[in-house]
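Note sheet for the following structure.
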Amino acid sequence: MKKILNKKGYMLYELLISFALASIVIINMFSIVVSLNKKMSQVYANNEIYKFKSLVYKKIAPDFYKYNIKNIVWNSSNQNLEITYDINTGETKKLVVSSGEKYISYNGDKTVANDLEIKLDKPKVKIITDNDTKILKLTIPLSYNNEQHNIEIYSVNDINEEITDINV
Amino acid sequence: MKINNKGFMMVETIVAISVIAVFSISIYTFTSSTIKNYESKERYNVIDDLYKLNTVKNYIINNNYLRDITYSLNEENLMVLDETFIPAVILNELSINKIFVTIPTKEKELLNQTSIDEEFKDYLNWQDFETNEDSVGTLIAEFKRNDKYYFAYIDLVGEL
């Protein structure tokens, strides 16, 4: 009978070993791609939140450090925390943290959290005292992708006796 | 039965495996050190830490400690600011583990000191300190969060 079949094929164990090796490589590469993707989205989220934080810090920090705080009021109707500074010349400046409308405004200059898909929760004010030391801590709770990235800023200037903790 | 004798020799197999092993080990070493470097750099000069350090700077200036600090820096290169300068309540609140002041432009000389731990040396080695002409000192803080060390620095500028 004339030879019609090509017998130069692979043996079964050769095929099995090749598939096993290929699947090991593919599984490893897949897990690398998944972890890289996860890392990339984390880096993107961090960039967004740090960008927002930098804007806010740059806007509010210099005067927060420089001037004495005259009063702090929590307005429950619009969920605004209003901080008024006593400027040396007699005029005042106002910082508003609005958890209702999700913005931070300093002297009318607004930074909106929602524009960057950042969640802004109710701010807190805490007076920390120890003997002669008294500092004021303002916490602006921010979150992005369910990760908490608070802005915490401190005043070591003279603090008005009437200012108390605000934690709503 | 006809047997195919065209296999690899033992020596060839061993050489090939050794080459692959050396190659894999070098790639692993390179990537792991790169990842380690990247992770440690993520803990240097974080924006929140810089503003926390600024709070300490304001406290020093408000309480007129600049002159005392400058006087102490004339005697030694590195000064650890303890509770005589910064109250423990502030350090705890800001999660500051240690706070140092050094002479501007002489930060790298601290690497020769044996009392400094490795984490701090890594930071000093990596950081390119840019000092202002009016600077009286460089304020460096070591923060500790979740058992990891974070570092940040700012210039100590103010009127004596």
Side-chain angles (χ1 to χ4, degrees), chain A residues 7-11 14 21 25 28 32 35-36 39-40 42-43 45-68 124 126-142 148-159, chain B residues 1-4 6-8 17 20 24 27-28 31-32 34-35 38-39 41-65 81 83-96 99 139 141 143 145-146 150 152 154 156-158:
Chain A
K7 289 185 177 173
K8 288 178 187 169
Y10 294 105
M11 290 179 76
E14 288 175 324
L21 286 173
V25 172
N28 280 327
I32 288 170
S35 62
L36 269 176
K39 187 77 187 166
M40 279 290 286
Q42 197 187 354
V43 168
N46 281 349
N47 279 347
E48 288 298 296
I49 202 83
Y50 282 123
K51 199 161 69 182
F52 182 77
K53 275 179 151 185
S54 306
L55 282 172
V56 174
Y57 273 127
K58 197 177 174 188
K59 186 184 287 184
I60 70 172
D63 285 356
F64 197 85
Y65 291 138
K66 194 174 173 186
Y67 300 120
N68 292 339
K124 294 171 195 166
K126 191 180 170 193
I127 310 287
I128 301 144
T129 47
D130 182 43
N131 297 328
D132 297 337
T133 313
K134 197 173 181 184
I135 54 173
L136 185 145
K137 178 185 179 184
L138 168 67
T139 309
I140 304 172
L142 300 174
Q148 207 67 33
H149 294 268
N150 297 349
I151 287 180
E152 289 176 349
I153 190 159
Y154 300 83
S155 172
V156 290
N157 296 332
D158 289 337
I159 296 161
Chain B
M1 196 173 110
K2 194 180 176 184
I3 298 171
N4 173 11
K6 291 177 185 171
F8 292 108
I17 291 172
I20 292 168
S24 322
I27 286 179
Y28 176 76
T31 48
S32 61
T34 310
I35 290 167
Y38 176 76
E39 282 173 353
K41 302 305 170 285
E42 271 189 328
R43 292 185 274 119
Y44 295 164
N45 302 325
V46 177
I47 187 166
D48 302 288
D49 293 341
L50 289 169
Y51 278 96
K52 281 179 182 174
L53 197 50
N54 216 5
T55 307
V56 174
K57 178 182 149 187
N58 288 336
Y59 185 83
I60 291 170
I61 292 169
N62 284 3
N63 288 280
N64 301 317
Y65 289 147
L81 292 187
E83 288 179 31
T84 50
F85 288 102
I86 316 291
V89 66
I90 292 184
L91 296 176
N92 289 339
E93 186 56 44
L94 301 176
S95 331
I96 293 176
I99 188 149
L139 201 59
F143 300 84
R145 294 189 291 270
N146 305 326
Y150 293 71
I154 53 171
L156 200 50
V157 183

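Note that these values count all heavy atoms, side chains included, but never hydrogens, waters or copies made by symmetry. Note on naming: letters A, B, ... go to the chains in the order of the sequence lines (proteins, then strands), and numbering restarts at 1 for each one.
- Within the 4.5 Å cutoff, side-chain heavy atoms of A:H149 are placed close to those of A:N46.
- Screening residues 52-68 of chain A for side-chain hydrogen bond (donor to acceptor under 3.5 Å, both in side chains), with sequence neighbours left out, gives A:K53-B:D48, A:Y57-B:D48, A:K59-A:T111, A:D63-A:K93, A:D63-A:Y106.
- Taking the salt bridge (Lys or Arg N to Asp or Glu O under 4.0 Å) definition, one finds that B:K57 meets it with nothing, sequence neighbours left out.
- Within the 4.5 angstrom heavy-atom criterion, only side-chain atoms of A:K39, from C-beta onward, approach chain B.
- Neither the backbone nor the side chain of A:N131 comes within less than 4.5 Å of any heavy atom in chain B.
- Contact count against chain A (heavy-atom pairs under 4.5 Å) is highest for B:T55 among B:V89, B:T55, B:N63.
- Heavy atoms from other residues, nucleotides or ligands lying under 6.0 Å from NZ of A:K137 number more than 12.
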